[in-house]
There are 2 protein chains.
Amino acid sequence: MPRRDELLGIAAGLFAEKGFKNTTVRDIAEASGILSGSLYHHFDSKESMVDEILSSFQEQLFADYDAVLKSDADARTKIEQAVRLSFRAIHEHRYEVAIFQNEADYLGGFDRFAYLAERNAQSRDVWITLLTEGVKSGALRADLDIELTYRFIRDTVWVAVRWYRPGGSLSHEDVADQYLRILLDGISTSSITEGGTRA
Amino acid sequence: MPRRDELLGIAAGLFAEKGFKNTTVRDIAEASGILSGSLYHHFDSKESMVDEILSSFQEQLFADYDAVLKSDADARTKIEQAVRLSFRAIHEHRYEVAIFQNEADYLGGFDRFAYLAERNAQSRDVWITLLTEGVKSGALRADLDIELTYRFIRDTVWVAVRWYRPGGSLSHEDVADQYLRILLDGISTSSITEGGTRA
DNA sequence: GTCTATACGAAGATAGAC
DNA sequence: GTCTATCTTCGTATAGAC
């Protein structure tokens, strides 16, 4: 692995654990076994490091979403796929996901990170499309508040990065299964609706 | 309102919006219309400010949880009450909730904020108890992974502080209703279980 | 590619006048 | 209760030697 990538990986771990602002350039250098000045041989600034970490991750993630969106599976399958790929992303890129979750609000305020907001909007489009399809096709309840459901799914999925650990008792596939089960069917044995389709 | 509380409120807003570390003592002073040195007449440090904000909020919140836990309602009702009071807390104390959500991990590392971890454990106890009761009483599916379900609920509820705004199109009661509906019944019109109780 | 040395600014905090 | 002035430490970043 090129030195540059190695350093980025170390930085990502620290940013994810302690936060961007709470991680000093000296911390990153020390964790890498070099001195802070030496980092500037590889990067122009601490900001450039997060930038590279986040942008390369996002690019990959959205390529995956696009593939799901464009597939010809039915609405419900697409939703399941989108959820599963999100948990896979948490598994494979947990530092990147954590940094995005924790810092996007703050970083998004700078011009340089305007793409974060764009990606967010893009992700919303994907989900709103999938959910709308789902309701139209009859796979999802017709009385759903699509916007709220989108937020619910988005939050539910990504927030798992706070506790998910690769190598724990549940694999990312297991977690995705359980989450989907709750999301699709709920935790209750009986419905609270009056006049729902199931009761 | 005593000056002290007024200043705490202003600080809370800034901490919630920009993060603890990203908010400078000078920011707080400026937003309060005074100079940074003057803040130290009221507080010994920036840390003391978050400390006071978080600890007083937590005390109140846990009193509410305890009341639910000790009530003699059935398991399902208690779960609903616990969810509703959480959304009410988001409504009434959104800065405090946001700060806790964003900074607990980092702050929890300091001795002074050890109580945050204790409160977290306490909250877990409440939910595990409620969910276990729920399964035992037959109100919740017997095949639930209690630990995972706890995390799911905790995350789902509190993360709403990221987008909920008082005065928006949905009241906190509306949001709680919709969340409970999804949590309890899911978003689907038909079950994905094979051998579930409903299918 | 890393080190030494250091500049520069920002941030938390203090002392004493008003 | 706030201001003026200031100290100190820390963090980002740079320059040039090795």
Side-chain angles (χ1 to χ4, degrees), chain A residues 1-55 95 99 102-113 116, chain B residues 1-55 95 99 102-113 116:
Chain A
M1 177 153 68
R3 186 67 171 139
R4 182 190 179 71
D5 294 350
E6 202 177 338
L7 295 171
L8 273 184
I10 291 165
L14 291 169
F15 291 155
E17 257 174 54
K18 319 202 313 170
F20 176 68
K21 198 81 182 197
N22 294 317
T23 302
T24 69
V25 171
R26 291 190 229 272
D27 288 337
I28 302 170
E30 192 187 6
S32 312
I34 58 177
L35 291 182
S36 64
S38 308
L39 273 177
Y40 290 84
H41 173 70
H42 304 275
F43 309 94
D44 4 322
S45 67
K46 195 174 98 169
E47 265 194 10
S48 299
M49 295 191 218
V50 234
D51 195 348
E52 200 161 324
I53 290 166
L54 288 177
S55 59
Y95 296 147
I99 296 168
N102 297 328
E103 318 288 349
D105 257 19
Y106 169 65
L107 293 176
F110 303 96
D111 288 353
R112 168 169 205 171
F113 293 97
L116 293 175
Chain B
M1 176 152 65
R3 186 66 170 138
R4 183 191 178 70
D5 294 351
E6 202 177 337
L7 295 171
L8 273 183
I10 291 166
L14 291 170
F15 291 155
E17 256 175 57
K18 319 202 312 170
F20 177 67
K21 198 82 181 197
N22 294 317
T23 303
T24 69
V25 170
R26 287 178 173 83
D27 288 337
I28 302 170
E30 192 186 6
S32 311
I34 59 178
L35 291 181
S36 65
S38 309
L39 273 178
Y40 289 85
H41 174 71
H42 304 275
F43 310 95
D44 5 319
S45 67
K46 196 174 96 167
E47 266 194 10
S48 300
M49 295 190 218
V50 234
D51 195 348
E52 199 162 326
I53 291 166
L54 288 177
S55 58
Y95 296 147
I99 296 167
N102 298 329
E103 319 287 350
D105 258 20
Y106 169 66
L107 293 175
F110 302 96
D111 288 353
R112 168 170 206 169
F113 293 97
L116 293 175

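Chain letters run A, B, ... following the sequence lines, proteins first, then strands; residues in each count from 1.
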> In chain order, what residues pass the salt bridge (charged side-chain N to carboxylate O under 4.0 Å, His left out) check against A:Glu52, with sequence neighbours excluded?
Replying inline: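 A:Arg4.
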Please list, one pair per line, the donor and acceptor atoms closer than 3.5 Å that link side chains of residues 31-41 of chain B to other protein atoms, with sequence neighbours excluded.
| unit_1 | atom_1 | unit_2 | atom_2 | d |
| --- | --- | --- | --- | --- |
| B:Ser32 | OG | B:Ile28 | O | 2.7 |
| B:Ser38 | OG | B:Leu35 | O | 3.4 |

Contacts of [X] that satisfy side chain to side chain contact (heavy atoms under 4.5 Å, CB included) - sequence neighbours left out:
{"X": "A:Phe20", "answer": "A:Phe15, A:Lys46, A:Glu47, A:Val50, A:Glu103, A:Leu107"}
{"X": "B:Asn22", "answer": "A:Lys21, A:Tyr106, B:Lys18"}
{"X": "B:Glu6", "answer": "B:Met1, B:Arg3"}

> Which of residues 31-42 of chain A have a heavy atom under 4.0 Å from DNA chain D?
Replying inline: A:Gly37, A:Tyr40
> Applying side-chain hydrogen bond (donor to acceptor under 3.5 Å, both in side chains), which residue pairs with at least one partner in residues 7-16 of chain A are found, sequence neighbours left out?
Replying inline: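 Applying side-chain hydrogen bond (donor to acceptor under 3.5 Å, both in side chains) to every pair that reaches into residues 7-16 of chain A, excluding sequence neighbours, yields nothing.
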> Just how far is it from atom CG of B:Leu116 to atom CG of B:Asp105, taken to the nearest 0.5 Å?
Replying inline: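 Between atom CG of B:Leu116 and atom CG of B:Asp105 there are 10.0 Å.
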> So where does chain B start and stop touching DNA chain C, 5' to 3', when the test is distance under 4.0 Å to a non-hydrogen atom?
Replying inline: C:dA11 to C:dT14
>> Among residues at least two apart in sequence or on other chains, which ones pass side chain to side chain donor-acceptor pair (under 3.5 Å) with B:Ser55?
In response: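 If we apply the side chain to side chain donor-acceptor pair (under 3.5 Å) test to B:Ser55, skipping adjacent residues, there are no hits.
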> Who are the side chain to side chain donor-acceptor pair (under 3.5 Å) partners of A:Asp51, not counting sequence neighbours?
Replying inline: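 Side chain to side chain donor-acceptor pair (under 3.5 Å) check on A:Asp51 returns A:Arg112, A:Tyr115.
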> Which ones in residues 13-30 of chain B lie close to DNA chain C, meaning a heavy atom under 4.0 Å from one of its atoms?
Replying inline: B:Thr23, B:Thr24, B:Val25, B:Arg26
>> Contact between A:Leu8 and A:Phe43 at the side-chain level, heavy atoms closer than 4.5 Å - yes or no?
In response: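 In contact.
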